[in-house]
Each structure stands twice: as C-alpha cells, then as structure tokens.
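Presented below is the structure to which this report refers.
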Amino acid sequence: MGDEIRRNMALFPIGIVMKLTDLSARQIRYYEQHQLIVPARTSGNQRLFSFNDVERLLEIKALIDKGVNIAGIKQVMNPVAKESQDATVLTDDTEEKRKELTDSQLYRMLKQQLVTGRRPGQVSLIQGELSRFFKS
DNA sequence: GTTCTTACA
DNA sequence: TGTAAGGA
C-alpha cells in the first residue's frame, strides 16, 4: 500500500496519542469538536487516530504552546471538513489487525514513519516532539 | 482497565 | 481545561 494510505490508517487509541502528543484527552477531544482533526471510530465508538491525525495534533500543540487560540489555529491550518480528501481510514480489516498490535509496535510504526513518510515542512517539528520516545 | 459523553465545585 | 459521574 502507498504512503498516503499508511499515513491515514486508523491505528492509535487516544491513550497512546495522549503520550505521543503530550496533550490531555480533554484537549484532543476538544480539537476534534472544532474539526481540527477527524479521527475514525471503531464499531464500539472508540476513536482511532492515524499518523496524519497525530501529526496535526503536534502542529496544534506547537501553536498552542505559542499562545495561539482555537480561532487562530483554524486560520493557520486548513480545515479538515473534506471527508474524501485525507479522511482517516478504518476498514473492518484494519480495525481487527489493529487489535493485534502492541503499544511497542505502534511506537515502532511511528518511528518508521519519521524516516519514511516525511512531508515537507513538518519533519523537524515531529522529530522534536517525538524524540523523547526514541533513543538517539 | 480504557474510553465515551455530558456537565460544572 | 480539569475533573467527576455513569455507561459501554
């Protein structure tokens, strides 16, 4: 499968995303309410985030740390309303396979994404935010 | 045990 | 934004 799909696969539960982004569950859900992110949902209504979702959250965190409020962030970031464009992918197949992944494996996938699925402009940000999870 | 929604000392 | 309540 391509990188586009890999980046949009719904794999991470909110607990891992919290540690990954250093954001509270309250904040993550709040940003979702404001359409800044649109994570997929499992059949049991639990959120599953894609790497792209995590990436966006890291961008949001960077802005929040700079003192930008929601209104400001919405202007700086392109709204994720287009469900078709970069919506988080969650098929029954991926949902079941996700259950077999351990936290350790999920972190490993993120690490690989850091060196493979890089997109211009956000590399340094992500490496900086997630570096604490990986030994140099 | 984790996550979800709603609501507010 | 944090935290409690009550379910799933």
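Lettering of chains follows the sequences in order, A, B, ..., and the numbering in each one begins at 1. Just so it is clear, the values below take in all heavy atoms, side chains as well, and ignore hydrogens, waters and symmetry mates.
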Can you pull out the residues from residues 19-32 of chain A that lie within a 4.0 Å heavy-atom distance of DNA chain C?
A:Ser24, A:Arg26, A:Gln27, A:Tyr31
Could you tell me the boundaries of the chain A footprint on DNA chain B, defined by atoms under 4.0 Å from its heavy atoms?
B:dT3 to B:dA7
Please identify each residue that fulfils side-chain contact (heavy atoms from CB on, under 4.5 Å) with A:Glu59, with sequence neighbours left out.
A:Glu55, A:Arg56, A:Met77, A:Gln122, A:Leu125
Sequence neighbours left out, what pairs pass salt bridge (Lys or Arg N to Asp or Glu O under 4.0 Å) with at least one residue falling in residues 28-44 of chain A?
A:Glu32-A:Arg41, A:Glu32-A:Arg47
Got a sec, which residues hit side-chain contact (heavy atoms from CB on, under 4.5 Å) with A:Leu110, two or more places apart in sequence or on another chain?
A:Phe12, A:Leu20, A:Phe51
Using heavy atoms to find the nearest nucleotide of DNA chain B for A:Gln33 and A:Ile16 separately, return the residue whose nucleotide is more 5′.
A:Ile16
Using a 3.5 Å cut-off and no angle test, enumerate the donor-acceptor pairs between side-chain atoms of residues 64-72 of chain A and protein atoms at least two apart in sequence or in another chain.
unit_1  : atom_1 : unit_2  : atom_2 : d
A:Asp65 : OD2    : A:Lys61 : NZ     : 3.4
A:Asn69 : OD1    : A:Ala71 : N      : 3.1
A:Asn69 : OD1    : A:Gly72 : N      : 2.7

dist A:Leu106:CG -> A:Leu11:CG (nearest 0.5 Å) comes out at 6.5 Å
Along DNA chain C, 5' to 3', what are the outermost nucleotides having an atom less than 4.0 Å from a heavy atom of chain A?
C:dT1 to C:dT3
Atom pair CG/CG of A:Leu63 and A:Leu58 - distance to nearest 0.5 Å:
11.0 Å
Quick one: label A:Ile64 by what it contacts on the DNA or RNA (base, sugar-phosphate, nothing), any heavy atom closer than 4.0 Å.
sugar-phosphate
Apply the side-chain contact (heavy atoms from CB on, under 4.5 Å) test between A:Asp22 and each candidate in A:Gln27, A:Glu129, A:Arg132; give the one that qualifies.
A:Arg132
Quick one: list whatever passes side-chain contact (heavy atoms from CB on, under 4.5 Å) with A:Ser104, sequence neighbours left out.
A:Thr102
Which residues satisfy the ring-ring contact (aromatic ring centres under 6.0 Å, His included) test with A:Tyr107, sequence neighbours excluded?
A:Phe133
Using the salt bridge (Lys or Arg N to Asp or Glu O under 4.0 Å) rule, collect all pairs that involve residues 97-106 of chain A, keeping only residues at least two apart or in two chains.
none
Can you list the residues that meet the side-chain contact (heavy atoms from CB on, under 4.5 Å) rule with A:Gln46, with sequence neighbours excluded?
A:Thr42
For DNA chain C, consecutive-pair runs of 3 or more (Watson-Crick or G-U wobble, both H-bond-type distances under 3.5 Å) give B:4-8 with C:2-6
Side chains of A:Ser43 and A:Glu95 only: does a donor on one sit below 3.5 Å from an acceptor on the other?
yes
Mind checking the CD1-OG spacing from A:Ile126 to A:Ser131? Nearest 0.5 Å is all I need.
12.0 Å
